[in-house]
Amino acid sequence: MSNGLDTRMPEISAKLKALREKGQDVSLRQILKDDYKMEPGHLYSDFQFDPNQTRLKDAYIHPQGGLLVAEVILDGIRRGMKFGQVISESGGARYVSPESIGEPVNRGAVQGGFYNDLIFMDESIDSLAHTMPLLDLSAAAPRESGEGVTIEEGSVSYKSKTVVMKKRGRGLKATYESLQFNSLNFVSRFFEDMGVLLAVQLNNDAVNTLVSGEQASAAENAATIGVASTGSKLQYKDLTRAFVRLGLLGRTGQFIIANEDGINYFLNMNEIINRKNSGPQFINVRFKTPVPTDLDAYTSVKVAAGQYIIGDRDRTMVKLTAQPVMIETERIVAKQIQGAYATTYTGFAIVQRNGRVIIDETVAFNSNQWPTWMSPYAE
């Protein structure tokens, strides 16, 4: 028994478009449930489609097949990169739609991307250059005050800085024959690598910002400290030094980033691989300064040899998005080639400069100690 959802697909698509234009991140599954009391399975049944068997060329034979393909796959995008709404431009052509490419692009980005794990929020902005506040609270710490005594005032230094967005994009081309005679699920696998490449670019941008900040003047670069002994590489006490100082600043070390060799070394440290300190355990210590019991480890080619970034994702960096992912397609009819391009305007900005630190095992801590702006609040 048909539910008539196939013939109502233009109506469903129009509702979704109207809600998304208002900034609502709504899915096909959600509107089917809320407005029609149905599930995606009912929609597939009405179209008589099987995503594992129906070929791409066959899906577009149905008068409303392109709309179904677009929305079902777009739902996958939402579950994937979590970039918010996705802008698409297909020009109404009934061939491989931008949305049918968008889902695997974003699923691939999930597999290759960790930049969203390094930020505490993704802020939507309305221009390619964004002005954001730069606050200094170092002179605003509470001070002792006696009864009946005028409370001494602190001060908050306010400045502003401009963050410029970057355009990031990748494209892939394939022949008609390689796409149209395969199932939707099979075709989606081909485009996952585009998502991986896009995610890697954003990973690199995020790590570069953690290291150098987003300002050309290096005014937001990370503090770099040395290690106890350059002859012994990174030691566990070098890590705890960073954790303790971040704790005194109200930060918690939640992640560590290094290049491939650095992460391999870190993961095989005795204290990490065996989950114990060197030597026998004589006493249980309940250390109350915020020192992590869990640490997320990431690998990045943008971290210099011998360096390790430790940071607090809840305080350090924000992602600014001027344009979410746009998926566009083109057809070169003479060559029978289908092309797809994914682009986004986005950038990363430091919110609290003292939310992360770099440990450099090639220099000694005695000659590379904490900068003054990483000093604990002593009042």
Side-chain angles (χ1 to χ4, degrees), residues 80-84 104-123 125 128-130 132 161-172 191-224 254-267 295-313 316-327 341-353 355-360:
M81 289 182 81
K82 298 298 182 183
F83 255 168
V105 167
N106 287 277
R107 187 167 64 238
V110 169
Q111 296 169 352
F114 58 80
Y115 54 92
N116 277 329
D117 294 341
L118 307 179
I119 61 173
F120 64 84
M121 69 181 299
D122 188 342
E123 182 78 1
I125 60 175
L128 297 181
H130 180 64
M132 61 181 292
K161 61 180 180 179
T162 299
V163 183
V164 179
M165 304 301 103
K166 293 181 180 179
K167 181 179 181 180
R168 287 299 190 188
R170 282 287 179 175
L172 288 177
F191 289 99
E192 284 188 14
D193 277 346
M194 191 198 305
V196 172
L197 294 173
L198 185 59
V200 168
Q201 289 180 324
L202 295 175
N203 287 347
N204 292 343
D205 286 346
V207 173
N208 282 337
T209 302
L210 286 174
V211 173
S212 304
E214 79 288 339
Q215 300 296 302
S217 63
E220 295 283 343
N221 64 338
T224 300
Q254 297 174 329
F255 62 79
I256 183 168
I257 312 173
N259 65 15
E260 183 178 1
D261 290 338
I263 285 295
N264 277 324
Y265 174 80
F266 169 77
L267 294 176
L295 196 65
D296 295 333
Y298 302 97
T299 309
S300 173
V301 297
K302 292 299 181 179
V303 182
Q307 292 191 346
Y308 301 82
I309 306 173
I310 295 175
D312 184 342
R313 69 171 57 88
T316 304
M317 187 167 64
V318 64
K319 180 169 172 279
L320 304 172
T321 302
Q323 175 193 285
V325 175
M326 174 183 286
I327 307 295
Y341 303 87
T343 58
T344 180
Y345 285 95
T346 191
F348 299 88
I350 299 300
V351 177
Q352 294 292 345
R353 189 183 183 188
R356 85 287 197 204
V357 61
I358 298 174
I359 302 175
D360 190 337

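- Between the Asn203 side chain and the Phe114 main chain, a donor and an acceptor come within less than 3.5 Å of each other.
- Looking at residues two or more places apart in sequence or on another chain, you find a side-chain hydrogen bond (donor to acceptor under 3.5 Å, both in side chains) between Asp117 and Tyr298.
- Here Arg313 pairs with Asp296 under the salt bridge (charged side-chain N to carboxylate O under 4.0 Å, His left out) rule; sequence neighbours left out.
- Not counting sequence neighbours, the partners of Thr299 by the side chain to side chain contact (heavy atoms under 4.5 Å, CB included) test are Glu260, Ile263.
- Partners of Ala206 under the side chain to side chain contact (heavy atoms under 4.5 Å, CB included) rule, at least two apart in sequence or in another chain, are Tyr115, Leu118, Met317, Phe348.
- Legend: residues meeting side-chain hydrogen bond (donor to acceptor under 3.5 Å, both in side chains) with Asp261, ordered by chain and number and at least two apart, are absent.
- Closest approach of Ile350 and Glu220 over heavy atoms only: CG2-OE1, 3.4 Å.
- In this structure Asp360 satisfies the side-chain hydrogen bond (donor to acceptor under 3.5 Å, both in side chains) test together with Gln307, Thr362, sequence neighbours excluded.
- Remark: side-chain polar atoms of Ser212 are not paired, donor with acceptor, to backbone N or O of Asn221 under 3.5 angstrom.
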Going through the checks in order, is the side-chain contact (heavy atoms from CB on, under 4.5 Å) test met by Val301 and Asn259?
CA-CA 5 Å; Val301 297; Asn259 65 15; over 6 Å; no
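- Ser300 approaches Ile257 most closely through the heavy-atom pair CB-CG2, 3.8 Å.
- At least one donor-acceptor pair under 3.5 Å links the side chain of Arg356 to the backbone N or O of Leu210.
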